[in-house]
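Below: the structure, in structure tokens.
The model shown is predicted, which means the values in this text are computed figures rather than measured ones.
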Amino acid sequence: MAGAGGGITGPARGLWPMTAEDAAVEALEDARTATLDTASSVASALGDTATVVGITLLVCLGLVLVPRLPRWREAVFLAVGVSLQSAVFVLITASVDRTRPDVERMDASPPTSSYTSGHTGAATALYAGLAVLVLSRVRAPWRRPLAAVLLLLPLLVGLARLYRGMHHPTDVAGGLANGALSLFVVGRALLPGHSWVGRPPADALGIAVAAAEQRPAPARRQATVIVNPTVTDEATREQLRLVLAQHGYRDTPFVDTTAQDPGGGQTAGALRAGAELIVVCGGDGTVRAVADALAGTGVPLVLVPSGTGNLLARNLGLPLGPADALAAGLTGEPRALDLGRIEGDGFPAVHFTAMAGAGLDAAMLEETSDRAKSALGWPAYVLAGAKGLRAPRMRLTVTLDGGPELRRTARMVLIANIGTVQAGAAPVPDARPDDGLLDLAVFDPRGAGGWLRAAGVLLRGGGRGRGAKGPGANGTGPGASGRETTAPSRTADSARGPVEFHTFRRAELSFARPQPREVDGDPVGPGLRLAAEVRPGALTVLMPAGER
């Protein structure tokens, strides 16, 4: 850039087009009007130092602070591109001494050389940099028109600087080159393989699947994918097909669930057709239905979380991205997990993988619409739960493994095969899906202090010892996890904490009046009774190697 400036002011100053520059600037001076003066003032302001610095700062802050972005690499690209242009501009003006055009200048002349145009260079680095980010990161149909507008702005700034008598045409050309080259250098350093490569074709996934299927692969078990279409879009399906093909599973059928059959019938049909591996792609309800059909069969299951909660996958520490979860499962090892089997008045016996319950949690699930879950995710349950706080406490009788009846009041009861839920809360912190036991949590907080203590148990994962322990299974000795299945009972309500925990192999709960009930996040209607028992090792899940 400095060498070009030295040539313009030295050996080349007598050559065209340098010899025509003064005439071009004078012609623009003669064409000035009040309207063009105003328009050129606005255009020139787009390249002012304050404008460029302010917009760069706001965009970079947005790129790193806006939720669900954040794009640090892109923010650094823009900030460094604008900064590099400025540094080069200062060095050039210090080494190339060129006077400004001999016309009436409409702006104050800064104490810098006319070569290059600082306004034009800064505008090019900023607006062309934004155009690069729009073209490489935005997928909306308006991205090309927006990029065209952004690329037009540096040209308008350069034309305005010529009109206002501040630069020669080659000064503006130098500013455009400075901004563009700065972006190119920074982009090559910070955005490798992103902004400077061609966009993949629209059918890239189809091409990848076809290529994967053509590669020789070892014989695989016959697999079927059970898909909940309400939470799995076509792009996700294509990603799953690619992962399956890469691992040797070719022409794997995808079977959609329906509102009438959330997965059990499809799984049973796949088993009758000879499926030796089931992949479930959906939320907690879909996983429950598929696990119910697989219980005791020994056919392994791969979990591909796609719903709102995905509680079993979270508790097992599986990847939550569908493609990553599928790849981890297909290369994993079989692990036997427990299932809970539950029944009650008004619904037949079914298996559950995560939790079942009655009271506040079930009412909360009933009050949460699909639209709210889609828009807000798990916080929608919290908002719906506020309504259930106005309901009176339930009165219930609990019998654990044939032991004496326990009479309790409660806001809600949870029968758990796992310990944690969304946002890291642990309502039943000691529950494990492979210990041969189920856990019962009775929540009965009273007053503000009780609710605070209950919240503390949830958030810090406090286990037994933070609330009263209740009797567990008959006999003594630890379960498969080493937890004791017997414990003393405290009968006075005042002696029990806001959360009471028990372990058991079979439990029967009777309510004084009908209570809302749920199984793995699906309401099953109000009723007076729940009976649950553990089925140790009834479900086989493929887990990443070494996962415990």
I need the L133 CG to L63 CG distance, nearest 0.5 Å. 6.5 Å
Close side-chain approach of P498 to R453, heavy-atom, < 4.5 Å: yes
Please report the C-alpha distance between R395 and R408 in whole Å, then the side-chain angles of each, then the deciding distance to 0.1 Å, and finally whether the side chain to side chain contact (heavy atoms under 4.5 Å, CB included) criterion is met. CA-CA 6 Å; R395 293 187 176 275; R408 298 289 186 263; over 6 Å; no
What pairs with T252 under side-chain contact (heavy atoms from CB on, under 4.5 Å), at least two apart in sequence or on another chain? A223, V225, L244, Y249
Which value, rounded to the nearest 0.5 Å, describes the distance between D434 atom CG and M543 atom CE? 9.0 Å
Among all residues two or more places apart in sequence or in another chain, which pass the salt bridge (charged side-chain N to carboxylate O under 4.0 Å, His left out) test with D261? none
Show the nearest heavy-atom pair for residues I342 and F347, with the distance to one decimal. O-CE1, 3.9 Å
Please enumerate all residues that pass side-chain contact (heavy atoms from CB on, under 4.5 Å) together with Q260, with sequence neighbours excluded. T258
From V231, T257, T232, residue fulfilling side chain to side chain contact (heavy atoms under 4.5 Å, CB included) relative to T286: T257
Under 3.5 Å, is there a donor-acceptor pair linking the side chains of T409 and R446? yes
Evaluate the side-chain proximity of F254 to R241: yes if any heavy-atom separation is below 4.5 Å, no if none is. yes
State which residue, out of D361, D345, D522, fulfils the side-chain hydrogen bond (donor to acceptor under 3.5 Å, both in side chains) condition with R517. D345
Distance-only check: which donor-acceptor pairs under 3.5 Å involve side-chain atoms of residues 315-323, not counting sequence neighbours?
from, atom 1, to, atom 2, distance (Å)
N315, OD1, G419, N, 3.3
N315, OD1, T420, N, 3.1
N315, OD1, T420, OG1, 3.0
N315, ND2, L311, O, 2.8
N315, ND2, T420, O, 2.9
N315, ND2, T420, OG1, 3.3

Would you mind reporting whether M355 and P427 have side-chain heavy atoms less than 4.5 Å apart? yes
Output the distance between atom CG (L277) and atom CG (L301), rounded to the nearest 0.5 Å. 8.0 Å
Please round to the nearest 0.5 Å and tell me the distance separating atom NE2 of H502 and atom CG of L438. 13.5 Å
Under 3.5 Å, sequence neighbours excluded: what are the donor-acceptor pairs made by side chains of residues 528-537?
from, atom 1, to, atom 2, distance (Å)
R535, NH1, H351, NE2, 3.0

Can you find a heavy atom in the side chain of V350 that is under 4.5 Å from one in the side chain of V519? yes
Could you walk me through whether V227 and R237 pass the side chain to side chain contact (heavy atoms under 4.5 Å, CB included) test, one step at a time? CA-CA 9 Å; V227 182; R237 291 174 187 251; 3.7 Å; yes
Value for OG (S510) from CZ (R407), rounded to nearest 0.5 Å, stands at 9.5 Å
Strictly distance-based, threshold 3.5 Å: is any side-chain N or O of R143 a donor or acceptor partner for the main-chain N or O of L135? yes
Evaluate the side chain to side chain contact (heavy atoms under 4.5 Å, CB included) criterion for residues L437 and F504: first the C-alpha distance (whole Å), next the side-chain angles of each, then the deciding distance (0.1 Å), finally the verdict. CA-CA 6 Å; L437 300 169; F504 64 91; over 6 Å; no
Minimal non-hydrogen separation, G357 against A362, with atom names: O-CB, 4.3 Å
Is the backbone of E276 close enough, under 3.5 Å, to the side chain of Q222 for a donor and an acceptor to pair up by distance? no
Salt bridge (Lys or Arg N to Asp or Glu O under 4.0 Å) between D444 and R393, intermediate numbers included: CA-CA 8 Å; D444 192 24; R393 284 180 171 80; 2.7 Å; yes
Contacts of type salt bridge (charged side-chain N to carboxylate O under 4.0 Å, His left out), residue E343, not counting sequence neighbours: none
Return the set of residues passing side-chain contact (heavy atoms from CB on, under 4.5 Å) with V255 (not counting sequence neighbours), or none when no residue passes. T224, I226, Q266
Run the salt-bridge test on R335 and E333 with the 4.0 Å N-O cut-off and return the result as yes or no. no
With sequence neighbours left out, the residues meeting side chain to side chain donor-acceptor pair (under 3.5 Å) with D324 are none
Listed partners of T353 passing side chain to side chain donor-acceptor pair (under 3.5 Å), at least two apart: D520
Once side chain to side chain donor-acceptor pair (under 3.5 Å) is applied, do any residues pair with T331, and if so which ones, sequence neighbours excluded? none
Residues D292, R341: salt bridge by 4.0 Å N-O rule: no
Heavy atoms of P229 and D256 approach each other most closely as CB-OD2, 4.0 Å
Please list, chain by chain and in numerical order, all residues satisfying salt bridge (charged side-chain N to carboxylate O under 4.0 Å, His left out) with D233, sequence neighbours excluded. none
How far apart are the C-alpha atoms of V302 and L326, what are their side-chain angles, what is the distance that settles it, and do they pass the side chain to side chain contact (heavy atoms under 4.5 Å, CB included) test? CA-CA 7 Å; V302 174; L326 178 57; 4.0 Å; yes
Hey, could you give me the CG/CD1 distance between L509 and I415, rounded to the nearest 0.5 Å? 5.0 Å
For V299, side-chain contact (heavy atoms from CB on, under 4.5 Å) partners two or more places apart: L271, I278, L294, T297
